[in-house]
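The first residue of the sequence shown is numbered 1, and numbering continues consecutively from there.
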Amino acid sequence: MPLITISGSQGQGKTTVLTSLAEIGFNIVPHKTSRLILDEWGYTLNQVNKDLELTKKFQDEILVRHYDSNMIAAKSDAIWFSERSFADVFTYTIFALGSFNEYSAWLDNYYEKCRAGQQMYDAVIKLGGRTVGVDDDGVRSVNQHFTRSIDIVLNHYLNAFGVPVINVDTADHDLRISTILKHINE
């Protein structure tokens with residue numbers, strides 16, 4: 001059965017959509033990986049991002065946990081939905097480390113791992129269309145320009161990674177859910 005990931009820049013409503021899909025009865029891969037790691041490690045995201053080696057370690061840990069949690073669902077006979085694709089993970093990693101040339105070889109390797117991980121998905125639901133601000137939760141940037149940049153880069157890697165992408169570009173929650181259900185029933 002398929003494993004479908006819900007993708008999109010911060011504040012697009014991925015968690016809200018997944019909550020509704022769970023209420024309908026679909027299986028959801030539990031995430032919030034970044035928050036869990038930060039809590040376990042006793043750091044804030046700002047602290048992690050100020051230390052490049054710690055940033056690299058953090059991104060590696062996100063990748064391992066994301067892969068492990070999705071792999072369990074990928075082996076199931078049921079339909080599962082997951083939050084954030086490997087293209088999402090890579091996009092945020094690019095923003096954290098991409099401007100530092102000393103990490104180029106590491107990023108090339110990380111790219112290949114993310115591209116390979118993306119192949120476990122049968123489809124990506126890419127959310128767009130929301131214009132609400134992002135709440136400052138200590139993990140996400142509230143800067144609208146950063147969010148727009150993430151969206152542009154994310155679109156590139158979603159297409160580059162070669163898994164079918166279904167764009168759901170509406171802010172209307174009920175329409176989002178009905179569009180997703182229509183696609184998975186086809």
Which atom of [X] lies closest to which atom of [Y], heavy atoms considered:
X: Ser7; Y: Ser85; answer: OG-OG, 4.0 Å
X: Ile166; Y: Ala123; answer: CD1-CB, 4.3 Å
X: Phe86; Y: Cys114; answer: CB-O, 3.2 Å
X: Leu127; Y: Val17; answer: CD1-CG2, 3.9 Å

Give a yes or no on whether the backbone of [Y] and the side-chain of [X] come within a donor-acceptor separation of less than 3.5 Å.
X: Asp122; Y: Ile4; value: no
X: Gln119; Y: Arg115; value: yes
X: Gln118; Y: Phe161; value: no
X: Asp51; Y: Glu53; value: yes
X: Arg65; Y: Leu36; value: no
X: Thr55; Y: Val48; value: yes
X: His66; Y: Arg84; value: yes

Should [X] and [Y] count as side-chain neighbours, where that means a heavy-atom distance under 4.5 Å?
X: Ile6; Y: Thr15; value: no
X: Asn70; Y: Tyr121; value: yes
X: Phe58; Y: Ser34; value: yes
X: Ile150; Y: Phe95; value: yes

Practice item. Report the C-alpha separation of Asn27 and Ile79 in whole Å, then their side-chain angles, then the decisive distance to 0.1 Å, and conclude whether the side-chain contact (heavy atoms from CB on, under 4.5 Å) test is met. Key: CA-CA 7 Å; Asn27 299 301; Ile79 295 174; 5.9 Å; no

Any salt bridge linking [X] with [Y]? Criterion: basic side-chain nitrogen under 4.0 Å from a carboxylate oxygen.
X: Lys56; Y: Glu102; result: no
X: Asp88; Y: Lys126; result: no
X: Asp60; Y: Lys57; result: no

Review point. Between Phe81 and Phe26, what is the ring plane arrangement, given parallel below 30°, perpendicular above 60°, and tilted in between?
Key: perpendicular

Exercise for review: Hey, can you tell me if Tyr110 and Trp106 have their rings parallel, tilted or perpendicular (30° and 60° cut-offs)?
Suggested key: parallel

Less than 3.5 Å apart, any donor N or O on the side chain of [X] or [Y] sitting next to an acceptor on the other?
X: Tyr103; Y: Gln59; value: no
X: Ser20; Y: His173; value: yes
X: Thr5; Y: Glu83; value: no

Please answer: with hydrophobic residues joined when any side-chain heavy atoms are less than 4.5 Å apart, are [X] and [Y] in the same cluster?
X: Leu18; Y: Leu175; result: no
X: Leu38; Y: Val64; result: no
X: Met120; Y: Ile72; result: no
X: Ile152; Y: Val168; result: no

Check your understanding: Who pairs with Phe100 by ring-ring contact (aromatic ring centres under 6.0 Å, His included), at least two apart in sequence or on another chain?
Key -> none

**Study point:** is_close_aromatic(Tyr111, Phe90), centroid dist under 6.0 Å
**Key:** yes

Review point. side-chain contact (heavy atoms from CB on, under 4.5 Å) between Val165 and Ile125: does it pass, once the steps are laid out?
Key: CA-CA 6 Å; Val165 177; Ile125 305 291; over 6 Å; no

